[in-house]
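Comments concern the structure below.
If you read the sequence from its start, that first residue is 1, and numbering goes on from there. Predicted model only: the values in this text are computed from it and were never measured. Both backbone and side-chain heavy atoms feed into the values below; hydrogens, waters and symmetry mates do not.
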Amino acid sequence: MQLIEQTKLLLLECDASKDRFFKQRELDASPQFFEEVKPHADEIQLLLKNWKHNAMNWIKEKNPRYIHKMQIDNVEDAMNQFVVQSFYKETSKKRFLQSVQSVHYTLSFFLRYLMEDSDYAK
C-alpha cells in the first residue's frame, strides 16, 4: 500500500510542478534557492528515493511485463530535474512540459499495474 501512496504523491507533484512553472512565469519571479527551492527539492528527492527502492523491489518480486527498472530510473532522474526547473521562469517550456508528461505517463501506467496487483491494492 505504501508504494501506491508514494506513486500518487509523485503524480500530484507532477501537477504541482507544472502549476508552479506557469505561476513563476506569470509572476516573473525569481525564487530564493535556499529558502524555497532546496527544501522542496530535498523533500521530493527523499520521496523519490524511497519510491524507487520500493518500486525496484516490487519489479523484482512481480516481474511485470511492461514495467522495467530503466523506467523507474528515468522517472527518478527526470523528476529530480523538473522539480527544480519548475521554480525558474528561464526553463525551456517545451522540454519541461515533455519531461513532466513523460513522467506522469509512466507513473500512471505503474499505478495501474499496482492497483491490479491484489497484494498491493489491499
**Study point:** With sequence neighbours excluded, residues passing side chain to side chain contact (heavy atoms under 4.5 Å, CB included) with Thr7
**Key:** Leu3, Trp51, Leu107, Phe110, Leu111, Leu114
**Study point:** Glu36 to Pro31 - nearest heavy-atom pair and separation
**Key:** OE2-CA, 3.6 Å
Would [X] and [Y] show up in the same hydrophobic cluster when neighbours are defined by side-chain heavy atoms closer than 4.5 Å?
X	Y	value
Met115	Ile59	yes
Phe82	Leu11	yes
Ile4	Leu9	yes
Met79	Phe21	yes
Leu10	Tyr113	yes

**Study point:** Qualifying salt bridge (charged side-chain N to carboxylate O under 4.0 Å, His left out) pairs, either residue in residues 21-35, two or more places apart
**Key:** Asp28-Lys89
Considering only distance and modelled atom types, tabulate donor-acceptor pairs under 3.5 Å from the side chains of residues 64-75, sequence neighbours left out.
from, atom 1, to, atom 2, distance (Å)
Gln71, OE1, His68, N, 2.6
Asp73, OD1, Lys52, NZ, 2.9
Asn74, ND2, Met70, O, 3.3

**Study point:** Any side-chain donor near an acceptor of the partner, Asn54 and Gln6, under 3.5 Å
**Key:** yes
Practice item. List for me each residue that meets ring pair (Phe, Tyr, Trp, His ring centres under 6.0 Å) alongside Phe33, sequence neighbours excluded, and say none if there are none. Key: none
Please table the atom pairs, donor to acceptor, closer than 3.5 Å between any side-chain atom in residues 38-48 and protein atoms at least two apart or in another chain.
from, atom 1, to, atom 2, distance (Å)
Lys38, NZ, Asp42, OD2, 2.8
His40, NE2, Glu13, OE1, 3.3
His40, NE2, Glu13, OE2, 3.0
His40, NE2, Arg20, NH2, 3.0

**Study point:** Connected-component partners of Leu27 among ILVMFWY, side-chain separation under 4.5 Å
**Key:** none
Check your understanding: In terms of heavy-atom contacts, does CZ of Phe109 have more than 12 from other residues, nucleotides or ligands at under 6.0 Å?
Key -> yes
Check your understanding: If you round to the nearest 0.5 Å, how far is OG of Ser86 from NZ of Lys18?
Key -> 12.0 Å
For residues 90-103, tabulate all N or O donor-acceptor pairs below 3.5 Å that involve a side-chain atom, not counting sequence neighbours.
from, atom 1, to, atom 2, distance (Å)
Thr91, OG1, Gln85, O, 2.8
Thr91, OG1, Tyr88, O, 3.0

